[in-house]
Amino acid sequence: MVTRKTPVPSDIEIAQGAVLKPIGEILAQLGIPVDRAEAYGTYKAKIDWKLAGALPAGAPPAGAPPAGDPQVGAPEQHSPERRPPFRRAKYINVTAISPTPLGEGKTTTTVGLVQGLGALGRQAVAALRQPSMGPTFGIKGGAAGGGYSQVVPMEDFNLHLTGDIHAVAAAHNLCAAAVDARIYHESRWSTAYLEKLGLRRLNIDPYGVSIGRVVDMNDRALRQVLVGLGSRGDGPLRQTRFDIAVASEVMAILALAADLADLRARLGRMVAAADTQGKPLTAEDFGVAGAMAVLLRDALKPNLLQTLEGQGAFVHTGPFANIAHGNSSVVADRIAIRHAAYVVTESGFGADMGMEKFFDIKCRSSGLKPDAVVLVATVRALKSHGGGPAVVPGKPLAAAYQEENLELLKAGLANLRAHIGIVRRFGVPAVVAINAFPTDTQAEWDLIRAEALAAGAAEAAVSRHWEQGGEGALELARAVERAAALPSQFRLLYRDEAPLTEKIETIAADIYGADGVDYAEGVRERLGSLEDQGYGRLPLCMAKTQYSLSHDPRLKGAPKGWRLPIREVRLAAGAGFVYPLCGDISTMPGLPSRPAFMDVDIDGEGNIRGLF
């Protein structure tokens, strides 16, 4: 618990001044037996993944690619003893309009809403991603929320937590090392000798290796690297790349796995290279999938922390939303749904990004159906979409963002209308959460609220959770309760059996508002090849900028008269999706001129300062 102050102190001051409940109290609140949890210190724990139970009826069986329309059904009949029966908590997704580089407070709103529901006496839990240390030490800072709506311990949340991201990186890099080692040894030994060792010759094409290495830092110098430099014994000389760890397919697999058997099966299907005939070679072919699963055994267990006001918060997995599916784990959500009345889960960036993938990838895989969507909007972001000056991290905001300007705001409302339209395409009630900033005016809030309701939102509420915690989110919590009680007609955007080009063009037109799609040379052939190899039923994970509904971050609002370029298509067979790359998108971010790490330090007593 925390005592509020005015003015609002820094995030880390608030977090370090809070009185936290021992994690055993949080477990008791949620009805999770202590022997199904592993404490990591006093205030966090890992939870037994088996408490998630079976997938609801209609979801794909473990180890199988997703198929069909998800339906929520009865509990499994072979549940281990003491597993709680399946109960249908209200399942709320939090998304946002197209953000500025500063972010619009989506995590803060998620936590604030959980605290607001708690203030109403409802049993609510948050389900969040673990942040990468790349953005934490780069521009964006941490992702525990802010002000009086945070997950704590904040320092643990934003740094290593329980080591899951390191486990992902180790498993990924083990697979990459296995590929290079196999290329090296096949170049040295005869087929007969390999067979004597119990190995078959894979005939790996060095130019067909699709897996790179990963590290959990922003480091642009590693985007393209040469490996194998030195003598012949140092391995094959070839060009490869590093991605940020949260862009690894292993992270996406961990987030979507239903259980340990499913995790193992998905890792086995992960394509790491191709042979000289173009045939995919998987982690199973390299004999490394089992060892990867061993490294991830504990990482499959979701982490449990708490909000500043003492509600539970599941923090598990961290796939990026612009280059991966951008959602926390299926396992965490399924445990949460059995132990709360409301589960509030955040998806990355806007409704066109993380939310679309939450529906078309995560819900398709998990079988869970959402009851409502909270769409976070800010006056600042809407003014930016109306033609306001550039918002640049580290630089003061222009006067237009700190003074009332209804005309500029009105011009940017097209982005809000577009995102409400995206939510409605999935048949789920939308609640617009106006995340209040001190420089906003009542007239600006009234304009946003009126426009949101006119565009089809079920509710619209101003929320002051950053400044006031759960008390400031009471209006939003009541609005979400009302919206979640409405009938949800949830539907997926496209059919499993639709051709991959049709899926791409459906997302381009119905979600982004594009006039059409332009495929770079070889992309159509690549899509056809994937269909021939049996991957045509997989959903899509579009990789594009988060700052625009289009592929071009300069196109603000709801741009018209543009076409979506697809420059490359990659396969994530283990995760179970195909991901087209739209425009210029990088899987390894770089550091800014003045990174956030320059303000981070520690004193002689072990107190961290400078995190935000």
Side-chain angles (χ1 to χ4, degrees), residues 6-8 94-110 112-113 116 145-149 349-351 373-393 395-423 430-469 471-480 483 546-549 556-559:
T6 303
V8 177
V94 178
T95 185
I97 62 172
S98 302
T100 68
L102 299 178
E104 307 318 310
K106 189 157 40 61
T107 306
T108 308
T109 302
T110 300
L113 173 57
Y148 289 104
S149 293
F349 300 125
V373 166
V374 175
L375 181 66
V376 179
T378 63
V379 170
R380 177 181 66 197
L382 290 169
K383 286 180 177 177
S384 172
H385 285 291
V391 175
V392 181
K395 294 187 178 180
L397 284 173
Y401 297 112
Q402 303 183 64
E403 301 169 354
E404 184 176 286
N405 189 328
L406 296 179
E407 289 306 310
L408 187 61
L409 177 62
K410 190 179 296 184
L413 288 170
N415 189 263
L416 176 65
R417 290 192 294 269
H419 281 279
I420 292 172
I422 293 169
V423 176
V431 177
V432 172
I434 305 167
N435 186 16
F437 280 61
T439 52
D440 300 346
T441 69
Q442 186 66 48
E444 290 173 328
W445 292 338
D446 290 345
L447 179 58
I448 296 172
R449 187 198 302 266
E451 187 65 32
L453 296 175
E459 300 273 352
V462 176
S463 192
R464 299 171 177 83
H465 48 273
W466 177 82
E467 182 182 8
Q468 300 174 12
E471 182 183 342
L474 287 173
E475 180 187 353
L476 175 61
R478 293 189 181 102
V480 168
Q546 64 269 31
Y547 299 124
S548 171
L549 286 164
K556 300 298 184 182

- Heavy-atom side-chain proximity of H419 to T95 below 4.5 angstrom: no
- Less than 4.5 Å apart, any side-chain heavy atom of H465 and any of T108? yes
- Step by step, work out the side-chain contact (heavy atoms from CB on, under 4.5 Å) result for L416 and L375. CA-CA 9 Å; L416 176 65; L375 181 66; 4.0 Å; yes
- Query: Would you find a donor on one side and an acceptor on the other, under 3.5 Å apart, between the side chain of N415 and the backbone of I97?
  - Reply: no
- Message: I'd like to know if the side chain of E444 reaches the main chain of N405, judged simply by a donor and an acceptor atom lying under 3.5 Å from each other, with no hydrogens or angles considered.
- Response: yes
- Item | Stepwise side-chain contact (heavy atoms from CB on, under 4.5 Å) check, F437 with T378 | CA-CA 8 Å; F437 280 61; T378 63; 3.7 Å; yes
Rounded to the nearest 0.5 Å, how far does [atom2] of [Y] lie from [atom1] of [X]?
X    : Y    : atom1 : atom2 : result
K556 : S548 : NZ    : OG    : 7.0 Å
L397 : T100 : CG    : OG1   : 8.0 Å
D440 : I434 : CG    : CD1   : 9.0 Å
L453 : I448 : CG    : CD1   : 12.0 Å

Return all side-chain donor-acceptor pairs below 3.5 angstrom for residues 454-462, not counting sequence neighbours, or 'none' if the list is empty.
{"from": "E459", "atom 1": "OE1", "to": "R482", "atom 2": "NH2", "distance (Å)": "3.1"}
{"from": "E459", "atom 1": "OE2", "to": "R482", "atom 2": "NE", "distance (Å)": "2.9"}

- Item | Pairing residues for A443 by the side chain to side chain contact (heavy atoms under 4.5 Å, CB included) criterion, not counting sequence neighbours | E404, L406, T441
- Query: Would you say the side chains of W466 and N435 form a donor-acceptor pair under 3.5 Å?
  - Reply: no
